[in-house]
Amino acid sequence: MNKIYLSDSGPKVSEAIYGFYRWTEKELSADKMESIINLCLELGINTFDHADTYGGYQCEELFGKVIASKSIKREDLVLFTKCGEKIPHTSKPDIRIKHYDTSSEHIIKSLDNSLKNFRTDYIDVFLLNNLDPISDLEATALTLQKLKDSGKIRNIGVVNFSVFQHQLLSSYLKSPIVTNHIELNLLNTQALDNGQIDYIKQKYMRPLATAPLAEGKIADSTDRVPLWVRAKLEELSPKYNADIESIAVAWLVKLGALPLIGTTDEKRIRNIANAFSIDLDRQDWYDLYNVARG
């Protein structure tokens, strides 16, 4: 798998990125983590996306332990992590409800904990997980900039930011935002209509498509639109000699998007990786788009 620039400001990442956003505390284990990491590295995926909350606030630490045991060089990996979302958990008795916090204090505390968990002294891309409307945005931006200037973070990113939120944070930063994680797949094309894709491209970034297979619904759902999309994918499958899920991701790749893999299913991970060998015909792309829009 090729390594490409995430934006005109960097960094270089694998064309597909593995994210732990669907990992729960119950399924978290060293063996499973190692198996997924091994498969990703086999496929050429060296970029991994985390957050402080994933896996009941334990995913980062387990990843750090597994990587250390495998003696993988830090410079051979690209690590994303994020903060801002707070989720109730037994280990966090002070968190009563799910909410957002992008205060300077929380950002610094979360980043330091992530660095400790990963056993590293820098994060390649540090992201704000949604915009907290009641934090002091100027202080938030100043903190991010100081952390970047210190070398603790190499790049700044955001998650689920609207165009206006993206513009707002950018106006306070002297360093560019290098990525915006957005949900994008054949069952959710909203980012094509609300300007997110256009603005991301205007800023010379590649969109990161969360849930590229719509959490398995493209292959499994019996709802009306997924059935229509699946029928069209099955019609195209012989033409491209490819699995329907690979074609669905090739649709995203044609947009310039990078799929953010969330599944732990090996077959699905391989299907996503195989998408990069498919050059989807322009008319087939629009055929799928039209079906997806009903």
Side-chain angles (χ1 to χ4, degrees), residues 1 13-70 72 76-82 85 87 89 91 114 117-118 124-125 127 129 159-160 179 181-188 208-222 226 230 233 242-253 257-277:
M1 185 173 292
V13 298
S14 48
E15 290 176 306
I17 295 168
Y18 189 85
F20 293 88
Y21 54 96
R22 290 173 62 189
W23 286 53
T24 65
E25 188 174 1
K26 291 180 180 179
E27 61 186 357
L28 205 61
S29 74
D31 287 345
K32 183 175 182 180
M33 178 78 75
E34 184 170 9
S35 175
I36 290 294
I37 292 171
N38 286 340
L39 175 59
C40 287
L41 295 176
E42 173 198 330
L43 295 171
I45 300 170
N46 76 330
T47 308
F48 296 92
D49 177 71
H50 290 266
D52 51 358
T53 58
Y54 292 169
Y57 293 88
Q58 298 176 62
C59 205
E60 288 183 338
E61 184 177 12
L62 183 57
F63 183 91
K65 287 179 180 178
V66 170
I67 290 298
S69 70
K70 292 175 66 63
I72 296 173
D76 292 336
L77 298 177
V78 182
L79 294 182
F80 291 24
T81 197
K82 55 189 81 70
E85 184 177 52
I87 300 173
H89 188 264
S91 66
S114 293
N117 287 337
F118 288 131
D124 294 282
V125 183
L127 306 101
N129 198 352
V159 180
N160 294 326
T179 184
H181 290 21
I182 56 174
E183 183 170 344
L184 179 63
N185 54 62
L186 277 168
L187 300 185
N188 184 349
L208 253 71
T210 303
L213 295 174
E215 299 183 338
K217 293 175 185 175
I218 287 173
D220 300 331
S221 176
T222 56
R230 186 155 67 247
L233 289 167
D243 188 279
I244 63 169
E245 292 185 330
S246 298
I247 297 171
V249 176
W251 185 86
L252 292 170
V253 173
L258 306 182
L260 185 57
I261 306 169
T263 182
T264 58
D265 184 292
E266 179 177 334
K267 182 176 182 292
R268 285 210 161 113
I269 294 173
R270 290 186 182 277
N271 283 340
I272 292 171
N274 289 339
F276 295 93
S277 63

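Below, all heavy atoms of this structure are taken into account, side chains as well, without hydrogens, waters or symmetry copies. Fair warning: this is a prediction, and the values are worked out from it, not measured in the lab.
When all heavy atoms of S246 and A242 are compared, the pair lying nearest together is CB-CB, 4.4 Å. For the pair I218 and A248, the tightest heavy-atom approach, listed with the atom from each and the gap, is CD1-CB, 4.1 Å. Between K82 and A51 the shortest heavy-atom distance is CG-CB, 3.1 Å. Contact between A16 and I45 at its shortest, heavy atoms only, is O-CG2, 3.4 Å. Across all non-hydrogen atoms, the minimal contact from A250 to A275 is N-CB, 3.7 Å. In plain terms, the two heavy atoms of S91 and Y57 that are nearest each other are OG-CD1, 4.4 Å.
A search for salt bridge (charged side-chain N to carboxylate O under 4.0 Å, His left out) contacts involving E245 returns R268, not counting sequence neighbours. Shown here are the ring pair (Phe, Tyr, Trp, His ring centres under 6.0 Å) partners of F48, two or more places apart in sequence or in another chain: F63.
Counted by atom type alone, H181 and D49 present one or more donor-acceptor pairs between their side chains at under 3.5 Å. Checked by atom type, the side-chain pair S114/E60 shows a donor-acceptor distance below 3.5 Å.
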E85 and V159: side-chain contact (heavy atoms from CB on, under 4.5 Å), yes or no, with the steps? CA-CA 10 Å; E85 184 177 52; V159 180; over 6 Å; no

Test side-chain contact (heavy atoms from CB on, under 4.5 Å) applied to L260 and Y21, step by step: CA-CA 10 Å; L260 185 57; Y21 54 96; 3.8 Å; yes

Please determine whether side-chain contact (heavy atoms from CB on, under 4.5 Å) holds for the pair L184 and T210, giving the CA-CA distance in whole Å, both sets of side-chain angles, and the decisive distance to 0.1 Å. CA-CA 6 Å; L184 179 63; T210 303; over 6 Å; no

Step-by-step side-chain contact (heavy atoms from CB on, under 4.5 Å) determination, L233 to W251: CA-CA 10 Å; L233 289 167; W251 185 86; over 6 Å; no

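For the atom pair CD1 (I272) and OG1 (T263), the distance works out to 7.0 Å, reported to the nearest 0.5 Å. Remark: I182 CD1 to N185 CG distance equals 10.5 Å, nearest 0.5 Å. To the nearest 0.5 Å, the span separating CZ on F20 from CG on L28 amounts to 9.0 Å. Of the inter-residue distances, the one linking T53 atom OG1 with I87 atom CD1 reads 4.0 Å to the nearest 0.5 angstrom. Atom CD of E61 is separated from atom NE2 of H50 by 12.5 Å, given to the nearest 0.5 angstrom. Put simply, CZ on R270 and CG on D265 are 11.0 Å apart, with the number rounded to the nearest 0.5 Å.
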Report all side-chain donor-acceptor pairs from residues 30-41 shorter than 3.5 Å, counting only partners two or more places apart or in another chain.
{"unit_1": "K32", "atom_1": "NZ", "unit_2": "E27", "atom_2": "OE1", "d": "3.0"}
{"unit_1": "N38", "atom_1": "OD1", "unit_2": "K70", "atom_2": "NZ", "d": "2.4"}
{"unit_1": "N38", "atom_1": "ND2", "unit_2": "E34", "atom_2": "O", "d": "3.3"}

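In terms of modelled atom types and a separation under 3.5 Å, the side chain of D124 and the main chain of L79 share a donor-acceptor contact. Remark: side-chain polar atoms of K217 are not paired, donor with acceptor, to backbone N or O of P226 under 3.5 angstrom. The backbone N or O of G19 sits nowhere less than 3.5 Å from a side-chain atom of Y54 that would complete a donor-acceptor pair. In this structure, T24 contributes its side chain and G55 its backbone to no donor-acceptor pair below 3.5 Å. Side-chain atoms of S277 come within 3.5 Å of backbone N or O of N274 as a donor-acceptor pair. Proximity of a side-chain donor or acceptor of T47 to a complementary backbone N or O of S14 within less than 3.5 Å is detected.
A 4.5 Å side-chain heavy-atom check between P259 and F276 finds at least one atom pair inside the cut-off. I244 is listed as a side-chain neighbour of R230, based on a closest heavy-atom distance under 4.5 Å.
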